[in-house]
2 protein chains.
Amino acid sequence: MSSNHGVIWDRPERATRGPAPSLSREEITAAAIVLADTQGIEAVSMRTLAVQLGVGAASLYRYVDRKDELIDLMVDAVMGDDLQFEVRGDWRRVLRSFARGLRAMTLRHPWVAIHGAGRRNLGPNTAWRYEQVLGAIDGLGLEIDEMLVMVETLDAFIRGRALDELSEQESARRSGLNQEEWMQVQTPYVESLINSGHYPLLTRVVLDARSPHDPDRLEHSFDAGLERVLDGLATMLPD
Amino acid sequence: MSSNHGVIWDRPERATRGPAPSLSREEITAAAIVLADTQGIEAVSMRTLAVQLGVGAASLYRYVDRKDELIDLMVDAVMGDDLQFEVRGDWRRVLRSFARGLRAMTLRHPWVAIHGAGRRNLGPNTAWRYEQVLGAIDGLGLEIDEMLVMVETLDAFIRGRALDELSEQESARRSGLNQEEWMQVQTPYVESLINSGHYPLLTRVVLDARSPHDPDRLEHSFDAGLERVLDGLATMLPD
DNA sequence: GCAGACTGAGTACACTGTTCGCAATGAGTT
DNA sequence: AACTCATTGCGAACAGTGTACTCAGTCTGC
């Protein structure tokens, strides 16, 4: 049932004999995702999740070896259902669409920023997305290693951005304050930095920059950075 | 003593009256960093840290309001001591040096990848690094908002890369296996993906790519991606 | 029909961050 | 030198956590 196979992805969901399970991986995963999105990933405990599903906490271990596996399931699930992007068109169009889609999905499911990193968790949906993105830059005359660099670089940018964009609102949520209250707590310290006179450029950022007042600042900054990254990746293409 | 001020950075370390504290923030932070580097960030509990320092667990709360503050201290500490890069030379040289230095530091202190994200934790050392990097692209004819895009984009790439590079070895460590054992557990599943025939490009990555056999693969891939990102940022400069 | 593989879950263990209360301390004031 | 009392260290306790071990009861393939 469980530790027979090493990886959850090729472990049969249910045994051939014995009573039918009352839950499914999909049900459990879906409930966990709802819980994580509404209450934060740290609210996803085996006990609260079990309550949500109307079963005992220990029962969940019939479906999953460790909590980590549950989180792997969660990540791969949203990589399928919730990630949409345009796979047709020239490479730049596809990569741009993928980047925006992955960003948007990550903002809907903040826990993906951390737990979706790397090739660690190559569930079927994640593998398929990988395949699609590689497909967009296939046939452009690049070696497979160069294609890998392109994908990894773009992916790093997206994930890094998402992490940055989320860090503020996450730490606000964790401290129980709303974003404005949290910023007001921070203000006196930032002012003391400015008044010290040792940070002239940081001061310009705080005082002069227009972007902090832009409600869509983060998205605009993401889009601007994305185009620069795509510019850079374009230099890898032959002729 | 504690919750008088909102942010730890402008909260006085010790009071003017009463007995002298037997520890200092610096001592506590240093011990926590050693613990996190050797045993992983999740091994840093208030109790084990207190044992390491030869005090009671509750005593630590005389120096720090919440555990999060301790982690903020840790991040800012390594942003000072352990982060080295060349601040002289043209912008590209400085940014390249910064990127490599930050990557190297993050690999020495894996927990920074997650807990150092965003402008959330702007300790004095972090603020100073920010100032230095902004200094490298000051005077090139860019608006402050454009400078911000450059820094944020580069930062996102570095953090995203670090997260990807660490994810594998982190999940290996968490599962108690060494990296090779962990990869052998993964192998049968990857083979089943390949044999399914649905992932031709992924298959080429696994079978044809030279880079997986390169011991310095990750560093080379980082450097290659970094140059492309710098290429992209260069397009922002006037004329 | 029935062996026995399988499911559900109560209980327990070893942890976690954090709070409270209280004794001991020692610096500032008188 | 005596006295105050803010401050320190910390044992104990609280409300959680992930996970292992059991064991009774269930249902399926033969």
Side-chain angles (χ1 to χ4, degrees), chain A residues 1-5 8 11-25 27-28 31-32 35-36 39-74 111 115 171 173-176, chain B residues 1-5 8 11-25 27-28 31-32 35-36 39-74 111 115 171 173-176:
Chain A
M1 26 85 89
S2 275
S3 41
N4 296 342
H5 303 75
I8 193 169
R11 189 186 309 149
E13 170 141 20
R14 53 164 306 186
T16 46
R17 294 252 291 269
S22 53
L23 267 47
S24 69
R25 278 184 198 164
E27 267 180 287
I28 294 174
L35 202 56
Q39 316 264 84
I41 185 70
E42 69 274 18
V44 179
S45 79
M46 299 306 258
R47 265 178 263 258
T48 55
L49 182 58
V51 169
Q52 203 85 174
L53 289 161
V55 299
S59 306
L60 296 178
Y61 287 92
R62 293 283 155 196
Y63 302 86
V64 136
D65 257 20
R66 274 157 283 105
K67 193 194 180 187
D68 287 19
E69 283 192 347
L70 170 65
I71 290 173
D72 288 350
L73 288 175
M74 291 168 67
W111 37 274
H115 294 96
S171 78
R173 203 179 46 69
R174 234 192 301 268
S175 64
Chain B
M1 29 90 89
S2 274
S3 42
N4 296 341
H5 303 75
I8 194 171
R11 187 186 310 149
E13 171 141 20
R14 56 164 304 189
T16 48
R17 294 251 292 267
S22 56
L23 267 48
S24 69
R25 279 184 197 164
E27 267 180 288
I28 294 174
L35 202 56
Q39 315 263 85
I41 186 69
E42 70 274 17
V44 180
S45 78
M46 298 307 259
R47 265 177 263 258
T48 54
L49 182 58
V51 169
Q52 204 85 174
L53 290 162
V55 300
S59 307
L60 296 177
Y61 286 90
R62 294 283 163 201
Y63 301 86
V64 136
D65 257 19
R66 273 158 283 103
K67 192 194 180 187
D68 288 18
E69 283 192 347
L70 170 66
I71 290 173
D72 288 349
L73 288 175
M74 291 168 66
W111 37 274
H115 294 96
S171 79
R173 203 178 47 67
R174 234 191 301 265
S175 64

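Any value given below was found using the heavy atoms of this structure, including those in side chains, with hydrogens, waters and symmetry copies removed. Order of the sequence lines fixes the chain letters, A, B, ..., with proteins taken first and strands second; residue numbering starts at 1 for each chain.
- Among the atoms of the strands shown, only primed sugar atoms or phosphate atoms (P, OP1, OP2) are found under 4.0 Å from some heavy atom of B:R66.
- In this structure, the nucleotide among C:dT7, D:dG11, C:dT25 sitting nearest to the side chain of A:Y63 is C:dT7.
- The CD1-P distance, from A:I71 to D:dT17, rounds to 14 Å in whole Å.
- DNA chain C is contacted by both A:L23 and B:D68; A:L23 maps to the nucleotide lying nearer its 5′ end (nearest heavy atom per residue).
- Taking atom NZ of residue A:K67 and atom P of nucleotide C:dT16, one finds them 16 Å apart after rounding to whole Å.
- Proximity of A:Y61 to the phosphate of C:dA9: no side-chain N or O atom is located under 4.0 Å from OP1 or OP2.
- Regarding A:I28, its CD1 atom lies at a distance of 12 Å from the P atom of C:dT7, rounded to whole Å.
- In this structure, of C:dT19, C:dG17, D:dC21, it is C:dG17 that holds the atom nearest to the side chain of B:M46.
- Side-chain atoms of A:R174 and A:E42, non-hydrogen and from C-beta on, do get closer than 4.5 Å to each other.
- C:dT7 atom P lies 13 Å from atom CG of A:L60, rounded to whole Å.
- Considering only side-chain atoms of A:P19, the nucleotide from D:dT26, C:dG17, D:dT7 that sits closest is D:dT26.
- Phosphate contact (OP1/OP2 of C:dG8, side-chain N/O of A:S22, threshold under 4.0 Å): present.
- In this model, the phosphate group of C:dT7 is not approached by any side-chain N or O of A:S59 to a distance below 4.0 Å at OP1 or OP2.
- Side-chain contact between B:T48 and B:Q39: absent, with no pair of heavy atoms (C-beta onward) separated by less than 4.5 Å.
- Residues B:L49 and B:L70 form a side-chain contact, since some pair of their non-hydrogen atoms from C-beta on lies under 4.5 Å apart.
- In this structure, of D:dA12, C:dG17, D:dT8, it is D:dA12 that holds the atom nearest to the side chain of B:A58.
- Here the side chains of B:I28 and B:V64 are not in contact, with every heavy-atom distance at 4.5 Å or above.
- At a cut-off of 3.5 angstrom, counting only N and O atoms as typed in the model, there is a donor on one side and an acceptor on the other between the side-chain of B:R62 and the base of D:dG9.
- Along DNA chain D, the nucleotide nearest to B:A20 and the one nearest to B:R47 differ in position, and the one closer to the 5' end is contacted by B:A20.
- Using a 4.0 Å cut-off between charged side-chain N and carboxylate O, B:E69 and B:R25 make no salt bridge.
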